[in-house]
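Notes follow the structure.
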Amino acid sequence: MDLLKVIKERKSIRAFKPDPIPKGKIEEILRLTIHAPSAINLQPWEFIIVTGEEKERLGRRLIKAYKEKQISCSPGNVKPLPKTYGKRGAKTLELMKPFFEEMGVNIDQYINEGSCNFYGAPVAILICLDDSFPKARMVDVGIALGYLVLAAHEFGLWTCPNGLIIAYEDEIKDLLNIPENKNVVIGVALGYPDSNIPINRFKSQRDDLEKFIRWIE
Ligand SMILES: Cc1cc2nc3c(=O)[nH]c(=O)nc-3n(C[C@H](O)[C@H](O)[C@H](O)COP(=O)(O)O)c2cc1C
């Protein structure tokens, strides 16, 4: 597939088939992912790939933690978001609404519990960063995430980045024996989409380019 097609076609999927992904395919995706640039070529990312019964256990543990603590999307905001951003989020949820209505589910519950269970995907990837790195290295992890979702798409697999679970980082680290000095920065669900589930027909929109740019000439 050509890059333009991959970029335009990729989207987040919120209902996966349980079909397992061959280990070799996951490795091929990650081999492409690590072509991502990083500051001084430090390649600071670490990937933890959770599959099979371990992935199911992780999902169950995170759903339990969510039910107890009820921390949902966008944890860690220190200030209220400026209106522009709040509006974009609200618009996205509004546009998702008809799909969830068709499914007869509660939108908050579906997204929160779905994120905790990686929307039923057979593979959960966690990208970690050693805590000796400064915050700036999050940029490198973000770039790797971008590469990962595009590389997966090239291989006919779909993804959903998963930030909600970071609110339960302690639970993740405890269950998967992740050392204290590693931060779990972001999760990614990876798998084949269940095309019978209405929310997978949803495609998010973007504001016009003019809203984001300022030329200085
Ligand atoms: C850092 C990051 C964290 C995200 N966390 C979640 C999440 O916890 N749950 C979820 O359903 N989607 C999550 N997403 C997916 C976004 O909602 C999605 O990328 C956005 O709505 C744009 O849609 P698209 O990916 O289909 O283009 C996350 C995306 C990013 C980049």
Side-chain angles (χ1 to χ4, degrees), residues 3-16 33 36 45 47 50 58-59 61-63 65-67 69-77 81 84-100 103 105-121 123-129 135 137-154 157-169 171-172 183-191 193-195 197-209 211-212:
L3 182 62
L4 292 187
K5 189 167 187 298
V6 171
I7 289 177
K8 285 183 187 161
E9 203 178 83
R10 181 221 58 87
K11 63 177 191 171
S12 295
I13 284 297
R14 292 189 176 82
F16 289 86
T33 300
W45 40 70
F47 302 92
V50 192
L58 176 62
R61 176 89 172 249
L62 289 172
I63 288 178
Y66 163 71
K67 284 184 174 161
K69 296 184 193 158
Q70 295 282 321
I71 309 170
S72 58
C73 274
S74 309
N77 279 2
L81 289 181
T84 320
Y85 306 113
K87 269 198 213 154
R88 281 188 196 137
K91 187 178 167 200
T92 300
L93 289 174
E94 197 54 37
L95 292 171
M96 282 180 168
K97 225 171 155 181
F99 297 94
F100 287 118
M103 291 161 69
V105 297
N106 172 285
I107 182 163
D108 290 330
Q109 191 182 358
Y110 188 90
I111 290 182
N112 291 321
E113 294 189 16
S115 296
C116 288
N117 190 34
F118 293 80
Y119 294 109
V123 181
I125 300 179
L126 306 169
I127 314 183
C128 302
L129 190 62
K135 248 192 346 205
R137 294 287 67 74
M138 296 280 240
V139 174
D140 308 54
V141 170
I143 297 172
L145 169 69
Y147 270 52
L148 199 166
V149 295
L150 294 176
H153 198 75
E154 171 65 30
L157 288 164
W158 296 70
T159 53
C160 187
N162 192 342
L164 179 134
I165 54 159
I166 305 308
Y168 308 106
E169 188 184 5
E171 307 273 348
I172 299 173
N183 293 324
V184 184
V185 179
I186 187 79
V188 189
L190 176 76
D194 186 337
S195 44
I197 307 290
I199 189 60
N200 282 345
R201 298 201 310 268
F202 171 73
K203 173 92 171 153
S204 63
Q205 300 177 350
R206 297 293 184 271
D207 271 2
D208 292 333
L209 180 64
K211 296 255 174 70
F212 304 105

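Each residue takes its place number in the sequence, starting with 1. Note that ligands are numbered from 1 as they come in the structure, with each ligand's atoms numbered from 1 the same way.
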Do the side chains of M96 and I111 get nearer than 4.5 Å, heavy atoms only? yes
Hey, are the side chains of N117 and L62 touching, using non-hydrogen atoms and a 4.5 Å cut-off?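 No, their side chains stay 4.5 Å or more apart.
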[X] and ligand 1 - part of the residue with a heavy-atom distance under 4.0 Å:
X    : answer
I186 : side chain
R10  : side chain
R88  : neither
S115 : side chain
S204 : side chain

For C160, counting its heavy atoms only, list the atoms of ligand 1 lying under 4.0 Å from any of them. 10 (C), 11 (O), 12 (N)
Distance filter under 4.0 Å to K11 heavy atoms, resulting ligand 1 atoms: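 Answer, ordered by atom number: 26 (O).
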Q205 near ligand 1 by a heavy-atom separation under 4.0 Å: no
Is the closest heavy-atom distance from Y119 to ligand 1 below 4.0 Å?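 Within the 4.0 Å threshold, so yes.
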Given T33, L129, I127, the one that forms side chain to side chain contact (heavy atoms under 4.5 Å, CB included) with W45: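 Among T33, L129, I127, the one that satisfies the side chain to side chain contact (heavy atoms under 4.5 Å, CB included) with W45 is I127.
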Is any N or O atom of L164, backbone or side chain, closer than 3.5 Å to an N or O atom of ligand 1?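 Yes, at least one N or O pair falls under 3.5 Å.
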Nearest heavy atoms of A15 and N200, plus distance in Å: O-ND2, 2.8 Å
Ring-plane angle category for F100 and Y110, please: parallel below 30°, perpendicular beyond 60°, tilted otherwise.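 It falls in the tilted class, 30° to 60°.
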So which of [options] gets nearest to [atom], if we judge by its closest heavy atom?
atom                    : options          : value
atom 21 (O) of ligand 1 : R14, M96, K203   : R14
atom 31 (C) of ligand 1 : P161, A189, G114 : P161
atom 25 (O) of ligand 1 : G163, S12, C116  : S12

How long is the span from the [atom1] atom in [X] to the [atom2] atom in [Y], to the nearest 0.5 Å?
X    : Y    : atom1 : atom2 : answer
I125 : T159 : CD1   : OG1   : 9.0 Å
I107 : E94  : CD1   : CD    : 8.5 Å
R14  : S115 : CZ    : OG    : 7.0 Å

Would you check if the side chain of K203 reaches a backbone N or O of R10 as a donor-acceptor pair within less than 3.5 Å?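 A pair under 3.5 Å: yes.
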